[in-house]
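Read through the structure below, which is laid out as structure tokens, and then see the notes.
Residue numbering restarts at 1 for every chain, and letters A, B, ... go by the order of the sequence lines. The shown structure was predicted, so the numbers you read here are calculated from the model rather than taken from an experiment.
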Number of protein chains: 2
Amino acid sequence: MATIYDIAREAGVSIATVSKVINQTGRISDKTRKHVQDVMKRIDYQPSVVASALTKKRTYSLGLLIPDIANPFFAELARSIEDQAHELGYSLVICSTDNDLTREERYVNVLRQKSADGIIIATGARNDAMMKQLMKYKLPVAVIAREMPLLAVDTVLVDDYLGGYLAASHLTGLGHRNIAVIAEDLAVMSSKERVRGYRKALEEAGIPYDENLVAVSPFHVEGGKATAKELLSSSNPPSAIFGCNDLLAIGVVQAARELGLRVPEDVSVVGFDNTVLATIIDPPLTSVAQPVQQMGKEIVQLITGEIDGSKPSKQRLVLLPELVVRGTTSAV
Amino acid sequence: MATIYDIAREAGVSIATVSKVINQTGRISDKTRKHVQDVMKRIDYQPSVVASALTKKRTYSLGLLIPDIANPFFAELARSIEDQAHELGYSLVICSTDNDLTREERYVNVLRQKSADGIIIATGARNDAMMKQLMKYKLPVAVIAREMPLLAVDTVLVDDYLGGYLAASHLTGLGHRNIAVIAEDLAVMSSKERVRGYRKALEEAGIPYDENLVAVSPFHVEGGKATAKELLSSSNPPSAIFGCNDLLAIGVVQAARELGLRVPEDVSVVGFDNTVLATIIDPPLTSVAQPVQQMGKEIVQLITGEIDGSKPSKQRLVLLPELVVRGTTSAV
DNA sequence: GTGAAAGCGCTAACAC
DNA sequence: GTGTTAGCGCTTTCAC
């Protein structure tokens with residue numbers, strides 16, 4: 001690999017001059033700038049960011065902590081983050097943690113050693129300790145699609161309370177009164193909020209709260225399926241189920257089918273996230289959409305603003321979810 | 001951030017000694033090693049890999065060039081690669097290129113500037129020029145799930161010819177004789193091979209080749225759907241369709257449904273890749289499975305072997321696909 | 001406008 | 001066993 005010395009020698013200037021044309025700093029005559037650029041192009045020179053990182057304290061890379069890149073929702077989120085990051089000159093290091101604390105810590109250490117300029121966190125709940133650590137390191141941190149109450153950290157998320165409300169009130173509006181909800185883990189704020197929104201909608205519709213209709217399940221299809229089977233085989237089965245994410249909701253659809261129930265005629269189902277999966281199943285899933293594109297864009301802007309100090313204060317940006325009605329919901 | 005000097009001072013030794021305990025090189029007495037380790041732990045010191053990279057010429061990061069991380073097949077592949085890379089101490093930088101040559105070049109330059117230790121390529125076809133460039137840079141490169149014939153590069157892939165053959169002969173075995181195939185792009189080797197396997201199976205079954213039954217489509221659900229609709233509304237519609245990936249196959253299922261045809265009673269459908277999607281739709285999709293876990297593991301072993309020179313020669317590892325029969329195929 | 005030189009945090013050769 | 005020191009490829013004062 002050619003170094004800045006090669007370019008300097010070849011161009012007959014000093015390395016300082018080359019550095020200045022690379023970074024567009026200092027004052028350089030048009031003539032030498034052109035000339036140096038020509039040489040760089042001819043040699044196909046790529047300045048080493050590892051060397052520049054040593055003095056500039058900038059690696060132009062961001063860590064992305066997510067539960068699992070193979071999970072469609074997070075993959076879509078990652079893609080939108082990647083695009084915006086790339087746009088602004090940053091690369092993305094993916095870190096799938098399975099919400100496992102040990103893995104999370106290992107990854108955070110890797111990112112520290114590699115001097116990532118910032119970390120975007122999309123993983124689960126109870127890592128407040130880790131968050132505080134990160135902030136102690138002065139490592140810019142931003143949280144996406146998750147809420148960290150009581151922590152001063154840049155955040156972009158959807159109004160989960162509203163989302164849960166939209167889902168449930170769509171159902172009550174269709175005349176359903178016996179509505180169950182399957183959450184992934186009430187320790188996760190977003191999950192809790194969605195359930196709270198659900199309760200609010202029921203309350204507004206004058207439906208008394210029934211705790212038997214609030215179930216918790218591991219957040220994958222199988223979990224949703226098993227949980228839904230229980231709910232649907234009870235003595236007083238719900239006529240509608242709200243799955244707190246698309247995976248769970250799809251599990252519900254499969255459970256219904258296996259029990260010989262038709263969707264939506266016998267059971268209505270609503271999901272959350274509006275991933276590709278929602279459009280792929282049959283009937284297509286009614287789901288609450290998160291504006292993934294915008295979320296990715298905003299979070300990158302927040303964290304890069306934080307990184308180069310161009311942003312005065314931390315903020316929490318709450319975007320509004322939208323209900324996308326498809327084929328899994330109908331009137332009772 | 002604490003530096004090696006801080007540790008040295010605090011421990012009352014030289015930085016060379018600290019470096020030696022970090023890297024487990026040289027000879028250090030048990031006593032001082034212990035002591036230095038204690039200090040490092042107490043200070044929560046993380047050695048800077050950007051500094052060490054400057055001398056060691058190793059960043060311990062790998063670039064992953066894929067079409068789109070939001071595509072389930074590639075997301076699953078990325079996850080398996082990430083896990084193995086992490087295991088061996090490497091991080092993964094994701095680069096979604098949409099198979100766009102400009103984006104690919106941009107990303108490759110980024111990876112060069114960042115001194116990635118190697119690049120794993122899972123993107124499309126006609127980038128032979130880029131490949132040769134990379135090899136000229138002496139940047140370790142490995143190709144996964146793609147074939148680069150005539151190029152000496154480490155490769156892990158599935159036998160696509162066999163895969164296509166398995167899919168089609170499953171269909172002929174069920175008595176189908178009018179079998180269509182939808183490929184994503186015949187310029188992509190893997191696609192071409194799958195179609196070749198399909199033809200081989202038909203030939204073995206004594207079915208004459210009909211070029212009207214070989215269609216090409218953009219590789220997403222909509223593409224598969226539109227193409228399938230054409231095929232299925234022709235004067236002599238196929239009784240079975242082989243979609244060269246799950247997305248395409250799901251498009252076929254949707255097309256059939258919209259045309260009022262039942263799957264598998266009226267049309268049988270086979271996919272390829274066996275992604276989560278296959279298990280999510282109804283009926284679940286019969287699909288040819290790629291051993292994604294193993295592929296990820298092997299490719300990382302190949303490229304890291306290449307990186308530290310512990311591997312004598314390049315190799316191409318061909319794994320065997322497996323047909324997973326589910327609900328979208330039945331006898332005529 | 002341009003260049004000399006110090007230094008970023010580490011590794012590795014070599015001296016002791 | 002441990003320490004000194006010369007780089008790695010770049011940025012950034014500060015002279016000129």
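- Near-neighbour residues of DNA chain D inside residues 18-31 of chain B, defined by a heavy atom below 4.0 Å, number-ordered: B:Lys20, B:Arg27, B:Ile28, B:Ser29.
- B:Arg9 and B:Asp6 are joined by a salt bridge, as a carboxylate oxygen and a charged side-chain nitrogen come within less than 4.0 angstrom of each other.
- Side-chain atoms of A:Asp185 and A:Ser191 form no donor-acceptor pair, as typed in the model, at a separation below 3.5 Å.
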Which atoms of nucleotides 5-8 of chain D (N or O only) lie under 3.5 Å from a protein N or O atom, and what are those distances?
unit_1 : atom_1 : unit_2  : atom_2 : d
D:dC8  : O3'    : B:Lys57 : NZ     : 3.3

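- A:Asp68 has a carboxylate O that lies under 4.0 Å from a charged side-chain N of B:Arg79, or vice versa, which qualifies the two as a salt bridge.
- With hydrogens and angles left out, the side-chain atoms of A:Asp273 and A:Thr275 include no donor and acceptor closer than 3.5 Å.
- In this entry the distance linking CD1 of A:Ile4 with C1' of D:dT11 reads 8 Å, nearest Å.
- Whole-Å rounding puts the A:Met40 CE to D:dC10 C1' distance at 14 Å.
- Residue-level contact check: B:Val49 touches neither bases nor backbone, having no heavy atom under 4.0 Å from any strand.
- A salt bridge links A:Glu10 with A:Arg42: the closest approach of a Lys/Arg side-chain nitrogen to an acidic carboxylate oxygen falls below 4.0 angstrom.
- First and last contacts of DNA chain C with chain B, using any nucleotide atom under 4.0 Å from a protein heavy atom and ordered 5' to 3', fall at C:dG9 to C:dA12.
- Ring orientation note: the planes of A:His86 and B:Tyr107 are close to parallel, at an angle under 30° on the 30°/60° scale.
- At a cut-off of 3.5 Å, with distance as the only test, a side-chain donor of A:Ser91 or B:Lys114 sits close to an acceptor on the other residue.
- Residue A:Val13 is in sugar-phosphate contact alone, with no base atom involved, counting any heavy-atom pair closer than 4.0 Å across all strands shown.
- Side-chain N/O atoms of A:Gln293 and A:Ser80 include no donor and acceptor closer than 3.5 Å.
- A salt bridge does not link B:Arg33 with B:Asp38: none of the charged nitrogens is closer than 4.0 Å to a carboxylate oxygen.
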Between A:Asp154 and A:Lys311, is a salt bridge (Lys or Arg N to Asp or Glu O under 4.0 Å) present by the stated rule, with each step listed? CA-CA 11 Å; A:Asp154 284 312; A:Lys311 198 171 53 64; 3.1 Å; yes
